[in-house]
Protein chains: 2
Amino acid sequence: MPRKPEYDRNDLIDRARDLFWRRGWAGTSLKNLEAALQMKPGSFYAAFGSKDALFELALDRYAKDGQLRLQILAAELGPIKALQRFPEMAIENDAAPAKACMLAKTVLELHARDHPLASRANAHLLKMETQFAELFQQAQSAGDVDKSLDPKVLARRYQSDLLGLRVSAEREGVDAKAIATEIADSLSLL
Amino acid sequence: MPRKPEYDRNDLIDRARDLFWRRGWAGTSLKNLEAALQMKPGSFYAAFGSKDALFELALDRYAKDGQLRLQILAAELGPIKALQRFPEMAIENDAAPAKACMLAKTVLELHARDHPLASRANAHLLKMETQFAELFQQAQSAGDVDKSLDPKVLARRYQSDLLGLRVSAEREGVDAKAIATEIADSLSLL
DNA sequence: TATATACTTGAGTGATCACTCAAGAAAGCC
DNA sequence: GGCTTTCTTGAGTGATCACTCAAGTATATA
């Protein structure tokens, strides 16, 4: 009996993610979203409920995509080479709406307001860190990383380096690719 | 003939800096500023002209303070020990309004809007990087760093690591001090 | 074809945004 | 004490914020 929506919900979330990623939470107004999603306010609120609800969907998708990308990379190259390639991949995509990590941007913007989206972003970052630790552990098993090192410690530092790289990549006049190479090379010495 | 202002302009800029540093540009409303500075709108605009003008003053002060702190540290400890101590110092101050760097937060928030304050923050970051490079060079002269290494390359990586550390320190559940120690220790191997 | 069930539209909600300005209060100089 | 000059006050500006809702439209079932 019902009428079908004219939009592709998946596509809308992608476009919202790009907008939020680039402009941040406060920097993205409903006017911006209406323009990017080609939706009038009524349809928007019928479909997503609120700006925050859509931001949450976008954030979750961003995190899921990142995890998937790393998984695929690990399947293709093995753990250590995946970890080495990942930083460069994160900053070389010119089509991406921003170089910096959307999770980090969200934490930095919303942590001071005690906004639930900040802790959600942080949870996603923690999950990423766990994934890094697993890859470091696998790299140890493969003999590519010294077995006396703690994979969790390595992952914590790797995550921090990655976040720093992606902040640097957002700046003007910084050769971020060189930093990415240095991070990758330093993993060969473990 | 004139009447003197009731406020200490220096103190007001400090308080504004703390507020902007913690809550960001969009996250700090004029209501927030009026409350923190104990000023009515009229006095505020007579004294500072606009929210952006005050943000600029706050940003410049933040950058100047950081440079001064590093200078003092270098005078006290020498170049290499100053570079080793600086990361820990940046995150251990519990009285600071935030762990993350205000310059980085400003770039991340305002770069997508092409806001002049973003490039100003970036310029401050570049100046910091230059200061790091000078210290690395001095450390080379003192024999604490391998002379075959390029101080500018070292400074670029150090800056990136520092930014990553301070993003990590803003997160919940991350042992940032451990990362700071790792960064300091890695400088001993140069 | 008639009806039920969504979806779409867009003017309009109160709240908050950065900011203005006229009026009043206080201090230094004559 | 009178005058000038600046500072302080706070109600008020239009613009924009996230969001609502009643009316209109399209579609699948009966």
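Numbered from 1 within each chain, the chains take letters A, B, ... in sequence-line order. Everything numeric here is computed off the predicted structure, so don't read it as measured data.
Contact check, Tyr45(B) against dC19(C): a side-chain N or O comes under 4.0 Å of OP1 or OP2. Between dC7(D) and Ser43(B), no contact under 4.0 Å exists linking OP1 or OP2 to a side-chain N or O.
For the pair Leu12(B) CG and dT8(D) C1', the computed distance is 14 Å after rounding to whole Å. Look at CG on Asn32(B): it is 12 Å from P on dT16(C), rounded to the nearest Å. The distance between atom CG of Leu37(A) and atom P of dC19(D), rounded to the nearest whole Å, is 14 Å. The distance from atom CE of Met39(A) to atom C1' of dA18(D) is 16 Å, rounded to the nearest whole Å. Between Leu117(B) atom CG and dA18(C) atom P the separation is 14 Å, expressed in whole Å. One atom, CG of Leu33(B), and another, P of dC19(C), lie 10 Å apart when rounded to the nearest Å. Straight-line distance from the CZ atom of Arg113(B) to the C1' atom of dT16(D): 12 Å, rounded to whole Å. Regarding Leu54(A), its CG atom lies at a distance of 13 Å from the C1' atom of dA18(D), rounded to whole Å.
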Determine, stepwise, if the pair Phe136(B) / Phe132(B) fulfils ring-ring contact (aromatic ring centres under 6.0 Å, His included).
CA-CA 6 Å; Phe136(B) 275 112; Phe132(B) 294 147; 7.7 Å; no
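Ranking dC17(C), dT9(C), dG10(D) by closeness to the Lys40(B) side chain, first place goes to dG10(D). Closest to the Pro41(B) side chain, of the nucleotides dC17(C), dG10(C), dG10(D), is dG10(D). Between dC19(C), dT8(D), dC17(C), one nucleotide has an atom nearer to the side chain of Lys31(B) than all others, and that is dC17(C). The side chain of Leu30(A) approaches dA18(D) more closely than any other nucleotide in the set dA18(D), dG10(C), dC19(C). You'll find that the side chain of Lys51(B) is closest to dA18(C), out of dT20(C), dG10(C), dA18(C).
Residue-to-nucleotide proximity on DNA chain C shows that, of Ser50(B) and Gln38(A), the 5′-proximal contact is made by Gln38(A). Between Phe44(B) and Gly42(A), it is Phe44(B) whose nearest contact on DNA chain D lies nearer the 5' terminus.
Under the 6.0 Å cut-off for aromatic ring centres, Phe86(B) and Tyr158(B) do not qualify, their centroids lying 6.0 Å or more apart.
The CZ atom of Phe55(B) lies 4.0 Å from the CE atom of Met102(B); values are rounded to the nearest 0.5 Å.
A cation-pi arrangement is absent between Lys105(B) and Trp25(B), since the terminal nitrogen or guanidinium carbon is not both under 6.0 Å from the aromatic centre and inside a 45° cone about the axis.
Of the residues Asp60(A), Asp65(A), Asp11(A), the one that meets the salt bridge (charged side-chain N to carboxylate O under 4.0 Å, His left out) test with Arg17(A) is Asp65(A).
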